[in-house]
Amino acid sequence: MAENIEEQRFAPYCPPATLLLILKHYRKKAVPERLGKDTLVQVGIPEGLVNRTWQTLTFLGLIDADGVTTKDFRALRYANDDEYPGAFRKIVEKAYANIFSVLDPTTATEVQLNNAFHPYNPLGQRSRMVTLFLGLCQESGIAVAVQPRARSTASESSVRR
């Protein structure tokens with residue numbers, strides 16, 4: 001039997017602002033035992049971004065595939081402002097261990113970032129994967145050499161109008 005040479009890897013690619021909207025919402029309120037995709041919409045996530053946001057929450061280990069919230073999610077809720085970056089950093093470093101093993105975001109160039117995400121699917125979303133990674137690094141207190149592309153969520157855009 002031939003071995004599958006091509007390892008399938010997935011990296012999330014929702015806009016960082018979308019994920020941070022969820023985190024900020026639940027830092028002010030109790031984290032429920034279970035999230036549903038409808039809950040994300042109620043919090044302000046546009047329907048078109050719900051699946052990407054769900055995949056990101058799962059990838060980071062904040063929920064399981066059924067939407068059950070984890071102790072890491074609740075730890076972010078109860079972390080004070082001084083503890084939050086460190087608690088979030090542990091989550092980001094664990095989820096992106098493969099990326100951190102090949103680059104240091106404090107010195108990585110855009111080319112190095114793109115190369116680090118090269119084996120990840122979906123291929124057409126690589127720039128968004130990098131943007132999310134950089135945004136999460138910044139949120140967790142990790143300095144980055146390349147600034148993430150600024151994108152707002154649809155709900156933030158409508159508020160500005």
Side-chain angles (χ1 to χ4, degrees), residues 8-101 103-106 113 116-117 120-122 125-144 146-161:
Q8 292 292 319
R9 292 185 184 178
F10 168 80
Y13 54 94
C14 81
T18 303
L19 181 72
L20 297 179
L21 180 69
I22 296 284
L23 296 181
K24 289 175 181 172
H25 176 82
Y26 285 112
R27 283 196 33 83
K28 297 175 187 170
K29 303 180 91 172
V31 175
E33 291 282 327
R34 178 186 302 265
L35 289 179
K37 292 183 179 182
D38 58 327
T39 310
L40 299 182
V41 173
Q42 292 169 359
V43 170
I45 304 303
E47 287 189 29
L49 293 176
V50 167
N51 287 336
R52 285 190 248 170
T53 306
W54 188 269
Q55 290 171 334
T56 304
L57 290 166
T58 304
F59 179 84
L60 292 172
L62 299 176
I63 61 171
D64 69 13
D66 295 323
V68 175
T69 55
T70 65
K71 64 180 173 73
D72 286 342
F73 200 156
R74 285 184 289 287
L76 293 177
R77 158 61 180 96
Y78 291 109
N80 66 36
D81 290 344
D82 293 331
E83 298 165 336
Y84 172 78
F88 192 54
R89 182 179 186 144
K90 288 178 187 174
I91 291 167
V92 171
E93 287 176 340
K94 181 179 177 184
Y96 286 98
N98 289 338
I99 300 298
F100 283 106
S101 73
L103 64 76
D104 175 358
T106 65
L113 285 160
F117 280 91
Y120 290 86
N121 290 313
Q125 302 299 332
R126 188 173 306 135
S127 67
R128 289 181 177 182
M129 291 174 198
V130 171
T131 298
L132 175 61
F133 172 73
L134 293 172
L136 297 181
C137 284
Q138 287 182 321
E139 179 72 8
S140 66
I142 300 170
V144 295
V146 175
Q147 294 304 305
R149 293 188 179 138
R151 289 188 174 144
S152 61
T153 65
S155 60
E156 288 175 333
S157 297
S158 64
V159 169
R160 279 190 235 131
R161 289 184 195 152

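All residue numbers in this chain count up from 1 along the given sequence.
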### Task
Could you go through the side-chain contact (heavy atoms from CB on, under 4.5 Å) check for L103 and F117 one step at a time?
CA-CA 11 Å; L103 64 76; F117 280 91; 5.9 Å; no

### Query
Can you find a pair of side-chain heavy atoms, one from T58 and one from F10, that are under 4.5 Å apart?
no

### Query
Which heavy atom in V144 sits nearest to a heavy atom in P148, and how many Å separate them?
CG2-CD, 4.5 Å

### Query
Just how far is it from atom SG of C137 to atom CD of E93, taken to the nearest 0.5 Å?
8.5 Å

### Query
So with a 6.0 Å cut-off around CG of N80, is the heavy-atom count from everything else above 12?
yes

### Query
Around atom CD of Q147, are there more than 12 heavy atoms of other residues, nucleotides or ligands at under 6.0 Å?
yes

### Task
Quick one: pull up CD1 in I63 and CG in L57 and give me the separation to the nearest 0.5 Å.
4.5 Å

### Task
For residues K37 and N51, report the shortest heavy-atom separation together with the two atoms involved.
NZ-OD1, 2.9 Å

### Query
Given the rule in the side-chain contact (heavy atoms from CB on, under 4.5 Å) test, do L113 and R126 qualify, once you have shown the distances and angles that lead to the verdict?
CA-CA 10 Å; L113 285 160; R126 188 173 306 135; over 6 Å; no

#### Entry: H25 NE2 to L20 CG distance, which is reported to the nearest 0.5 Å
14.5 Å

### Message
Give me the atom names and distance for the closest heavy-atom approach of L132 to Y96.
### Response
CD2-OH, 3.7 Å

### Message
Ring-plane angle category for F88 and Y84, please: parallel below 30°, perpendicular beyond 60°, tilted otherwise.
### Response
parallel

### Message
Any non-hydrogen side-chain atom of T53 less than 4.5 Å from a side-chain atom of L21?
### Response
no

### Message
Could you check whether any side-chain heavy atom of T69 comes within less than 4.5 Å of a side-chain heavy atom of Y26, counting everything from C-beta outward?
### Response
no

### Query
Taking C-beta and beyond as the side chain, do T131 and Q125 meet within less than 4.5 Å on heavy atoms?
no

### Message
For R74 versus V31, what's the shortest heavy-atom pair and its separation?
### Response
CG-CB, 3.9 Å

#### Entry: Close side-chain approach of L62 and L35, heavy atoms under 4.5 Å
no

### Task
Side-chain contact test, heavy atoms from C-beta onward, threshold under 4.5 Å: evaluate it for T39 versus R34 and give yes or no.
no

### Task
Could you walk me through whether T70 and D72 pass the side chain to side chain donor-acceptor pair (under 3.5 Å) test, one step at a time?
CA-CA 5 Å; T70 65; D72 286 342; 4.8 Å; no

#### Entry: Any F133 side-chain heavy atom under 4.5 Å of P16 side chain
no

### Query
Taking atom CD of E139 and atom CG of L23, what is their separation to the nearest 0.5 Å?
7.0 Å

### Message
Nearest 0.5 angstrom please: T56 OG1 to L19 CG, how far?
### Response
6.0 Å

### Message
Looking at every non-hydrogen atom in both residues, tell me the closest pair between A11 and P122 and how far apart they are.
### Response
O-CD, 4.4 Å

### Query
Just how far is it from atom CG of L136 to atom SG of C14, taken to the nearest 0.5 Å?
7.5 Å

### Non-hydrogen side-chain atoms of F59 and Y13 separated by less than 4.5 Å
no

### Query
Which pair of non-hydrogen atoms, one from V43 and one from I22, has the smallest distance, and what is that distance?
CG1-CD1, 4.0 Å

